[in-house]
Amino acid sequence: MLSQVETITIDGVNFSFVQVKDILDQLPENSWLAAKSDEFLEHSIFFHEGDVELPFIRLGELPSWSLGYFIIGDVKVGRIIEASDDMAMGLIVDGNLTADHIRAGGNEIYVSGDLQVNGLFFGKYNHGSLRVEGESFANAFISDDYSGWIDNHHWAMTDDECFDDEQISDEEYHEACVEILEAIRPEFLLEQEEVDEPFLWAQLLNYYELEKAMKHNAPILQDSFIEEHQIQFLAEPQEYQAIALPTDFVVNTVANIHNELSTTEVEALAKTMTGLTHSHIFVPEALYNDDHGLSVKFLEGYPERLFLEFIAVRSEYQGELPHNIQMGMNGAALKAQFGDRYAEETFEEYEDSAQGTITLDDLMIELLLENDAVTFVKYQISES
């Protein structure tokens, strides 16, 4: 399916899906792909000539079918998001790059012109690279073992800001918090008792919530910091709103778990789960919705084959569940309802927890019971 895609439209911008060998003579000579072109001649990349404005660019985990993006022209993008810490999709901009926020990790990013980050550049881990031929600037810069560097910034928290010992004193915690709160809003700061042996001051931040805010364009920087430095965003931040979800979402999804989805249905599922629009080839193999305690994973062979493998639900889910299962049910109630189709096994290392299994004709239901109450349910295609 993907090999037949010649162009894709992302938020009104047309990208060609080309092999590296077809654009080899157009690559900037200092870009990461030019240096490795012999290895990737038969690989594909999304290519566009002309200036680009996009709400966000996804540079997620490196798929087998694309190395990333190559854009000849100036790029203005609200957010560059979803970078994994290991290998991730790369970006080549033969021009200037302006973004409100960038999350970088295992990506290789090259900019032939200037890089301007209006908000936060957050770089984590050292498998990627950042090379900017012109000037680079970010109002706020966080580096956690990141291999790239932003030359100019108003506020930075890097590997140089670190704790002396694994045991953090109250004084050290306070000192680090004061520095963090100069730029970053307090809701991203972990309480001292929540911190698990941090080494860097930056690790006092809740990285998950920080990345979630970047994805949804929620406020990250302190209002006072924005005012002091007269920061102008391409897209004004909006307070995060929990994703609305139909009460029968899980019931309907499980009812169709054996049916192949259309690309339109995959895009709709991704929008419902994440609150963000996706072209189907950018929908990740696993989708998460923490507002409602949901996760969905596609079956092996995705994205060539569009089948779901499972949908899992945690205790915070408030909607209906298939087969009359309810959060908080105990083992006796499950046994009474499902009879011999229900089996339960206690974890040796956790005496107050047990795994329940309901075996139906075409569906396997796995449950976690804590203190004899269901807290997790996973519906998946039966192996039989």
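Side chains are part of it too, since the values below use all heavy atoms of this structure and drop only hydrogens, waters and symmetry mates.
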For residues 306-364, which residue pairs pass the ring-ring contact (aromatic ring centres under 6.0 Å, His included) check, not counting sequence neighbours? none
Salt-bridged, [X] to [Y], with N to O below 4.0 Å?
X	Y	value
Lys36	Glu108	yes
Glu42	Lys21	yes
Arg341	Asp361	no

For the residue pair [X] and [Y], categorise the inter-ring angle as parallel (less than 30°), tilted (30 to 60°) or perpendicular (more than 60°).
X	Y	answer
Phe137	His154	perpendicular
Phe298	Tyr302	parallel
Trp201	Phe163	tilted
His153	Phe141	parallel

Regarding [X] and [Y], do their side chains bring together a donor and an acceptor under 3.5 Å, going by distance alone?
X	Y	answer
Gln192	Asp170	yes
Glu370	Thr375	yes
Asn30	Glu133	yes
Glu366	Thr357	no
Asp144	Tyr207	yes
Asp362	Ser382	no
Thr7	Asn14	no

Do [X] and [Y] touch side chain to side chain, with heavy atoms closer than 4.5 Å?
X	Y	result
Ile57	Val52	no
Val374	Asn330	no
Leu321	Val313	yes
Ile102	Leu115	yes
Val75	Asn96	no
Ile226	Phe233	yes
Met364	Thr359	yes
Leu360	Ile365	yes

Let me confirm one number: the CG-NE2 distance from Asn118 to His229, rounded to the nearest 0.5 Å. 13.5 Å
So how far is it from Glu191 CD to Asn206 CG, rounded to the nearest 0.5 Å? 11.5 Å
Give a yes or no on whether [X] and [Y] share a hydrophobic cluster (residues Ile, Leu, Val, Met, Phe, Trp, Tyr; joining criterion: side-chain heavy atoms under 4.5 Å apart).
X	Y	answer
Ile231	Ile180	yes
Leu363	Leu368	no
Leu189	Leu120	yes
Leu24	Val18	yes
Tyr288	Val283	no

The single option from Tyr69, Phe47, Phe70, Phe282 passing ring-ring contact (aromatic ring centres under 6.0 Å, His included) against Phe15: Tyr69
Between [X] and [Y], which heavy-atom pair has the shortest distance, and what is it?
X	Y	answer
Tyr379	Pro322	OH-O, 3.0 Å
Pro28	Asp94	CG-CG, 3.9 Å
Leu299	Arg305	CD2-NH1, 4.2 Å
Phe17	Ser66	CE1-CB, 4.0 Å
Thr9	Ser279	O-OG, 3.8 Å

Can you tell me which residue among Asn256, Leu269, Val254, Asn259 is in a side chain to side chain contact (heavy atoms under 4.5 Å, CB included) with Leu308? Leu269
Is there any side chain to side chain donor-acceptor pair (under 3.5 Å) pair reaching into residues 180-189, and which pairs are they, with sequence neighbours excluded? Arg185-Glu187, Arg185-Glu239
Any pair counted as salt bridge (Lys or Arg N to Asp or Glu O under 4.0 Å), so long as it reaches residues 307-327, sequence neighbours left out: Asp290-Arg314, Lys297-Glu309, Arg314-Glu316
Just by modelled atom types, is the Ile23 backbone N or O under 3.5 Å from a matching donor or acceptor in the Gln26 side chain? no
Please check if the side chain of Asn289 supplies one atom and the backbone of Thr274 the other of a donor-acceptor pair under 3.5 Å. no
Stepwise salt bridge (charged side-chain N to carboxylate O under 4.0 Å, His left out) test for Lys76 and Asp100: CA-CA 9 Å; Lys76 292 182 178 180; Asp100 283 341; over 6 Å; no
Full working for side chain to side chain donor-acceptor pair (under 3.5 Å) between Arg79 and His216: CA-CA 9 Å; Arg79 294 101 67 206; His216 294 277; over 6 Å; no
Taking the six-membered ring of Phe122, is NZ or CZ of Arg103 closer than 6.0 Å to its centre and within 45° of its axis? yes
